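Note that the coordinates shown come from a computational prediction; the quantities given were computed from them, not determined experimentally. Labels below follow one simple rule: chain letters A, B, ... track the order of the sequence lines, proteins then strands, and each chain is numbered from 1.
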Amino acid sequence: MKKAGLRGYIIKRLIYAAIITWGVVTITFVLLRVGPMSPADKYLSNMSARTQDPAQVVAAIEARYGLDKPIYEQYFDYVVNLARGDWGWSFSNSLPVVTLIRRHWVYSFQLILLSMLFSATLGILIGVFSAVKRYTRTDYLATLFSFIGISIPNFWLGIMLILIFSVQLGWFKSYYDTGLPMFSLANLKALVLPVITLGTGMMAGYTRYARSATLDNLKQDFVRTARAKGLPERVVIGKHVLRNAILPIITIIMFDLSGIVFGGAYLTEIIFGIPGLGRVSFNALFASDYPVVVTITLIGAMVVLLTNLATDIVYTRLDPRIRYD
Amino acid sequence: MNHNLLEVKNLKTYFFTRNGVVQAVDGVNLALRKGENLCLVGESGCGKTATALSILRLIDSPPGKILGGEILFHDEDLLRCPEERLRQIRGREIAMIFQDPQSSLNPVFTVGDQIAEPLKLHLKLNSKEALERARELMEQVGIPQADERMKDYPHQFSGGMKQRVMIAAALSCDPEILIADEPTTALDTTIKAQILDIFHDLKQARNMSILFITHDMGTVAGIADRIVVMYGGKIAEVGTTFDIFDQPAHPYTQGLLTCLPNISAQQQRLTPIPGTIPSLIDPPSGCIFHPRCPKRMPICDQEDPPEVFISDEHRVVCQLYKQPVTSPGKTGDTHSAQ
Amino acid sequence: MTEKKSGQISDRFGGRRNLVFFSGLLALVAVILLDIYLEAQILEPMGYFYIFFALVATCYALYPLYVNRRLTRYYWERTRRHRLSVLGLAFIIFLIAVALIGPLLTPDPTKVNFDKKNTPPVGFTIQQSVFDTKTDQLVSRETPGTWQHPLGTDEKGRDMLAMLVSGARVSLQVGLLATLMAIFIGALMGVMSAYLGGWWDNALMRFTDVMMTFPFFLLLVFIIFIFGPSLAFIILAIGLTGWTGTARLVRSETLSLRTREFVMASKSLGASGARIIFRHLMPNVISSIIVIATLSIPGIILAEAALSFIGLGDPTVTSWGVVLNAGQRSLDTAWWVAVEPGIMLFLTVLAFNFLGDGIRDAFDPRSQQ
């Protein structure tokens with residue numbers, strides 16, 4: 001009964017995810033067509049130097065990419081090609097977009113993963129500690145720091161870190177070295193400043209959420225029950241409170257992906273020259289390389305969708321109160 | 001020393017809120033004897049719960065603070081013993097049950113785990129033994145299909161069943177004292193009767209000492225051996241159940257009893273006590289009950305009322321009884337003027 | 001007689017201020033159409049934004065605040081308890097004053113003067129190589145900060161103070177206008193969704209979900225990439241993408257209100273749909289809207305700054321992001337160019353966060369202890 005409910009729930013969530021995916025793809029298509037420049041113009045603005053008659057080139061490109069077909073056929077092709085994994089050709093890199101993505105995603109991935117680990121661990125620890133020590137000087141200090149962390153623009157923080165630790169002190173390189181092997185200490189060191197840049201804002205956010213979630217749960221009667229059983233305070237907090245507080249924190253962390261994390265990673269990659277997807281998209285912007293920009297935007301949306309889906313499903317395991325209907 | 005298992009002496013617990021200092025418990029003396037059921041009665045907000053929580057130092061701090069007094073358990077002062085020692089007592093020797101079983105159980109752990117938790121902690125049982133013991137306990141408190149239900153989560157239980165789970169968890173280490181803070185208030189009347197039966201059996205079968213806190217005189221009548229009536233953070237009257245119901249001395253106690261519907265007496269209507277419970281931030285001078293007291297005398301708002309022994313077991317704090325009664329031998333309980 | 005009639009008309013719209021609002025809106029649309037038709041440039045695009053949001057703000061924020069003066073004072077008292085939020089408000093007022101008056105007092109922020117390049121702020125002195133016209137050689141010379149450029153100049157000799165003042169204007173414009181727009185769309189979506197229910201609710205909420213699935217900044221970059229950067233368009237883009245959170249919040253608040261007695265009561269009295277929405281539902285969610293508005297301003301200011309920083313900002317305006325971008329390139333020669341706009345940005349965002357936090361606590365009945 002319960003199992004069947006769970007399966008039904010997951011199927012429902014998958015169908016829902018498919019609908020959202022369709023919506024996301026459609027919106028990008030509409031935006032591309034509504035825009036003042038047709039994709040062909042975008043190509044053209046990039047290739048104009050090499051051509052004689054722009055009108056001819058436009059016609060050629062439109063024929064090549066099917067832009068002369070009726071709009072519904074174009075839409076159909078667009079969706080089908082995306083689904084088949086044919087994401088177009090990046091002319092500024094002279095590569096299929098798929099290859100480009102395959103080559104660069106790992107840099108974004110390691111940056112985001114490390115930043116999330118760093119910020120979630122530290123943020124939750126400080127937040128819980130701050131809640132336990134509520135209304136003391138430690139708590140006020142933590143709150144103030146979290147305010148500062150939330151308010152500090154991460155791209156400025158990155159520049160300041162470079163200014164202090166690279167330009168003035170010379171401890172780190174100001175530019176990410178792509179030659180380093182992925183799993184090496186040197187690579188980890190190269191990522192210190194970027195991770196702090198991206199992670200500080202997230203950490204501050206998690207500190208606040210962790211604090212308020214912990215405070216909410218500390219007020220609950222079951223905390224008193226746990227104390228009345230004679231449990232030491234570290235078990236009361238670490239087991240009874242944290243197990244309840246962690247659920248909303250996880251939601252927030254997952255939700256943050258679409259907001260702070262992706263925007264932040266984009267900027268961080270640009271500042272430190274990390275060749276991740278943000279940097280690739282940024283370069284493509286100025287080369288008018290639109291298939292790359294479209295694909296990376298779509299990938300961002302898909303990652304958000306999948307993490308939300310995963311969170312919802314993991315939640316059914318973590319929170320016994322959730323019902324699947 | 002004596003037959004008092006737990007003695008509370010001159011306990012003061014204040015809450016320091018933004019609006020002022022709430023004198024929730026102000027100089028309370030009481031004693032719990034071995035194997036008796038002592039009921040602590042009073043309107044809500046009179047300091048009963050604060051008293052109970054103070055015994056195990058479970059007052060939330062801030063804003064609450066225990067400012068003074070002694071709580072003697074086996075001649076050991078719980079207010080001054082180290083936290084470490086107190087934790088050994090909590091759940092092991094003195095267990096507690098709370099008012100709202102809904103929120104008092106942790107929603108994300110199975111009830112079996114929650115009952116087994118003190119067993120693992122205090123008796124050092126391993127998981128399997130503890131869960132086996134938890135199942136027995138659930139059967140003892142009348143939860144059907146215990147071996148199945150112990151894997152369920154609190155939200156899958158009804159209110160009465162949750163309170164049974166709470167009781168099972170409290171009983172798990174076979175404590176000497178059980179403090180029950182309004183355990184039946186949140187329950188339906190029929191369920192309430194079943195839970196009270198459990199308490200009755202507990203006392204019979206285990207000879208356990210119970211401090212039972214309630215605002216409901218009807219509940220008290222059925223289970224109490226002795227009764228402590230509290231009003232406004234202070235004790236108004238202490239006596240055996242017979243004393244309190246048959247010869248209530250304090251006007252407040254009398255008021256509480258007239259609130260009870262009585263089938264046998266030819267009573268036309270229930271008389272509520274006029275007025276509301278006073279603010280404990282800025283309590284009335286003299287006797288705290290005087291603004292609502294039907295037998296008020298001029299002296300009542302001038303002087304703190306004296307404690308008077310009507311009999312060995314029956315004492316009252318009221319000006320009405322201020323006669324040169326020689327108190328029989330016992331001293332130290334006198335309510336000193338502040 | 002006429003009084004009564006106008007009362008009836010305004011009642012159909014759910015109150016007089018809605019009538020005022022809709023007539024204002026109609027007039028504005030008329031002017032825009034006229035503008036397009038005549039190609040007359042009656043107003044700059046930004047002008048329409050200002051008028052529209054002045055209308056919204058007057059009808060739905062200032063007017064209710066004025067009518068419920070006692071409530072306003074009560075909330076103000078509660079907000080004031082947070083010392084930091086008062087500090088934040090003070091800074092915001094200061095910034096608004098700077099943005100309004102500042103440009104009159106400072107030099108042109110776009111004026112280039114290579115003789116004065118890389119002047120440090122007052123109190124600092126740096127060594128830099130300068131082209132000496134007498135000897136036709138690069139010589140290393142001490143450059144002290146001067147009061148002529150109290151915050152220094154950048155690599156092109158533009159006055160930092162002037163650029164920061166100009167940036168304050170841009171940031172506030174974007175922050176306030178885009179937020180108002182996003183909140184307006186979000187609130188409308190949320191209330192409609194909750195009120196219409198059924199199929200409409202489903203469609204609107206799925207659309208919201210789709211918009212929420214896009215990472216905010218990536219979508220913004222994508223839109224600006226397609227449509228090209230201009231300040232008015234950036235504001236529009238932020239407004240059109242940033243409404244999702246508000247829509248969800250307002251929907252859930254409205255749903256919980258819809259079943260309350262007073263809405264039921266007015267429904268049973270035969271009140272029209274519009275009247276219920278504007279008269280009964282909107283005012284009751286307004287406190288949550290104010291809170292979410294204040295709290296979303298910082299993110300929106302940061303989004304604009306980030307766009308300008310990566311070079312997708314309006315090339316014709318000097319915003320903090322643009323200055324910061326220039327500063328990043330001259331970190332080893334002129335650190336202040338990167339430091340100063342960042343500090344301004346940081347303080348502005350901090351101020352709005354402090355204020356938003358205070359307001360949220362003031363509106364939250366649970367926060368009273």
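- Atom CD1 of Ile27(A) and atom OG1 of Thr213(C) lie 9.0 Å apart (nearest 0.5 Å).
- Ser252(C) contributes a side-chain N or O that, together with a main-chain N or O of Leu249(C), makes up a donor-acceptor pair within less than 3.5 Å.
- Put simply, of Leu298(A), Ile271(A), Ile150(A), Ile270(A), the one with the most heavy-atom pairs under 4.5 Å next to chain C is Ile271(A).
- Of the inter-residue distances, the one linking Ile301(C) atom CD1 with Ser296(C) atom OG reads 10.0 Å to the nearest 0.5 angstrom.
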Exercise for review: Go through Ser230(C) and Asp314(C) one step at a time and tell me if the side-chain hydrogen bond (donor to acceptor under 3.5 Å, both in side chains) criterion holds.
Suggested key: CA-CA 4 Å; Ser230(C) 79; Asp314(C) 190 331; 4.9 Å; no

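- Residue Ala351(C): no heavy atom, backbone or side chain, is found under 4.5 Å from chain A.
- Thr26(A) does not touch chain C: none of its heavy atoms, backbone or side chain, sits under 4.5 Å away.
- Listed options Leu312(C), Leu219(C), Val221(C) were ranked by heavy-atom pairs under 4.5 angstrom with chain A; first place goes to Val221(C).
- Ser108(A) contributes a side-chain N or O that, together with a main-chain N or O of Leu277(A), makes up a donor-acceptor pair within less than 3.5 Å.
- Both the backbone and the side chain of Val294(A) come within contact range of chain C, with heavy atoms under 4.5 Å apart.
- The contact between Phe147(A) and chain C is made by backbone and side chain atoms together, counting heavy-atom distances below 4.5 Å.
- Of the residues considered (Leu347(C), Leu324(C), Leu302(C)), Leu324(C) shows the highest number of contacts with chain A, using heavy-atom pairs under 4.5 Å.
- The contact between Val167(A) and chain C is made entirely by side chain atoms (from C-beta outward), counting heavy-atom distances below 4.5 Å.
- Only the side chain of Phe207(C) comes within contact range of chain A, with at least one heavy atom under 4.5 Å from a heavy atom of that chain.
- Ranking Leu305(A), Ile296(A), Leu285(A) against chain C, the residue ahead of the rest is Leu285(A), based on heavy-atom pairs under 4.5 Å.
- Contact annotation for Leu157(A): neither backbone nor side-chain heavy atoms come within less than 4.5 Å of a heavy atom of chain C.
- The one candidate from Val86(C), Thr348(C), Leu355(C), Ile96(C) that meets the side-chain contact (heavy atoms from CB on, under 4.5 Å) condition with Phe91(C) is Thr348(C).
- With respect to chain C, the highest number of heavy-atom pairs below 4.5 Å among Thr28(A), Ile19(A), Ile162(A) belongs to Thr28(A).
- Residue contact with chain C, scored on non-hydrogen atoms closer than 4.5 Å, involves the side chain of Leu267(A) exclusively.
- Interface remark: Ile152(A) contributes backbone and side-chain atoms alike to the contact with chain C (heavy atom separation under 4.5 Å).
- Shown here for Phe155(A) and Leu345(C), the closest heavy-atom pair between the two residues is CZ-CD2, 3.9 Å.
- A donor-acceptor distance shorter than 3.5 angstrom exists from the side chain of Ser146(A) to the backbone of Thr143(A), with no hydrogens or angles considered.
- Figure legend: cation-pi geometry between Arg279(A) and Phe272(A) absent, as NZ or CZ is not positioned both under 6.0 Å from the six-membered ring centre and within 45° of its axis.
- Interatomic distance, Thr21(A) OG1 to Leu14(A) CG, rounded to the nearest 0.5 Å: 10.0 Å.
- Interface residue Ile223(C): only side-chain heavy atoms are found under 4.5 Å from chain A.
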